[in-house]
Amino acid sequence: MKADSGLLEIYERLLTAYGPQKWWPAETPFEMMVGAVLTQNTSWTNVERAIAALRSRGLLDPAQIVGCDEASLAETIRPSGYFNQKAHRLKLLADFYLEQSSLAGLKRLPQPRHALLTLHGIGPETADSILLYALGMPVFVIDAYTRRIFTRLGLIPPDTTYHTLQALFEANLPAEVPLYREYHALIVMHAKAHCRSRPACDDCPLSGDCPVAHQAASLRSR
DNA sequence: GGCCAGGTGTAAA
DNA sequence: TTTACACATGGC
């Protein structure tokens, strides 16, 4: 693995380029958790429509989600795509949330990550997003953007596993929640600004005016 | 019209 | 252990 503590320098460049993102965009921790499920392989604009629909029906509440009909829940979140799957996943998540007597109980679990991963439809990224943004635990979130950007920068092989990439970040950054939150948000911001297309894009991170390209070049040469 | 989006679970090779 | 596919809407 070529990347090292220069990850912090890349962070500084992103922060300078884009400014603080102040993630996660949600009014409550539970809303954040709902958003984490709804955004699975889905653009955030579509998720916003679904969340607005949930809000207007008073469904941004675990008890309301548990109590409501799954078919009508699915219809409510239709704009977010995969609505049948996600309706089921939201019900499981809301049920789990109530079982733990809300956020405090969730935090008190000995292995909150493992507990989340046992829920059908909660994978590593969704679980870690919840840990970082809802529970305030120092867990670095890896997503498709993270892998794409750092692969294109030449810092990791494209097939680097979730766990390996996460360990790379966590081993080379101070375990600070605000830093982890902001870094992940900036990665998403940067990806949306510079490399939206899948195989490659000409003006992406490797181009001369990219705010992280220069830093990446110095990392590769070490 | 085709590709893509802040993944996850399942099944076949 | 790897690879392929289903799930689905809306923007560009």
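Lettering follows sequence order; numbering is per chain, from 1.
- Between the CD1 atom of A:I149 and the P atom of B:dA5 there is a distance of 12 Å, given to the nearest Å.
- Side chain of A:S129 to main chain of A:E125: a donor-acceptor pair is present (N/O by atom type, distance under 3.5 Å, no hydrogens or angles).
- Distance NZ (A:K86) to C1' (C:dA6): 13 Å, rounded to an integer number of Å.
- Whole-Å rounding puts the A:R78 CZ to C:dC7 C1' distance at 13 Å.
- Listed nucleotides B:dG7, B:dA5, C:dT9 differ in distance to A:Q40; the shortest reach to its side chain belongs to B:dG7.
- When all heavy atoms of A:L109 and A:Q100 are compared, the closest pair comes out as CD2-OE1, 3.4 Å.
- Rounded to the nearest Å, the gap between the P atom of C:dA8 and that of B:dT10 is 15 Å.
- Residue A:R49 places at least one side-chain N or O closer than 4.0 Å to OP1 or OP2 of C:dG11.
- A residue-by-residue look at A:T45 and A:L117 shows that A:T45 has its nearest nucleotide of DNA chain B further toward the 5' end.
- Within 4.0 Å (heavy atoms only), A:I122 reaches sugar-phosphate atoms of the nucleic acid but no base atom.
- If you measure from atom CD1 of A:I77 to atom P of C:dA8, you get 9 Å, rounded to the nearest angstrom.
- Between the side chains of A:T39 and A:T42, no donor-acceptor pair is found at a separation under 3.5 Å.
- Here C:dA8 is the nucleotide among B:dG7, B:dA5, C:dA8 with the atom lying nearest to any side-chain atom of A:N84.
- A:Y18 has its ring centre less than 6.0 Å from the ring centre of A:H190.
- The CG-C1' distance, from A:D143 to B:dT8, rounds to 15 Å in whole Å.
- Map A:L119 and A:T39 each onto its nearest nucleotide of DNA chain B; the residue landing nearer the 5' end is A:T39.
- Atom CG in A:L116 sits about 17 Å away from atom P in B:dG7, given to the nearest Å.
- The side chain of A:H120 has B:dT10 as its nearest neighbour among B:dG7, B:dT10, C:dG10.
- Checking side-chain atoms of A:D95 against main-chain N and O of A:K91 turns up no donor-acceptor pair under 3.5 Å.
- If you check every strand for non-hydrogen atoms under 4.0 Å, A:S80 touches nothing.
- Relative to the side chain of A:R89, the nucleotides B:dA5, B:dT8, C:dG11 differ in distance, and B:dT8 lies closest.
- Per the geometry, CD1 belonging to A:I130 stands 14 Å off P belonging to B:dG7, to the nearest Å.
- Taking the P atom of each, C:dA6 and B:dC3 are spaced 15 Å apart, rounded to whole Å.
- Atom-to-atom, OH of A:Y82 to P of B:dC4 comes out at 13 Å; the value is rounded to the nearest Å.
- Taking the side chain of A:Q85 as heavy atoms from C-beta on, and the options B:dT8, B:dT10, C:dC7, the nearest nucleotide is C:dC7.
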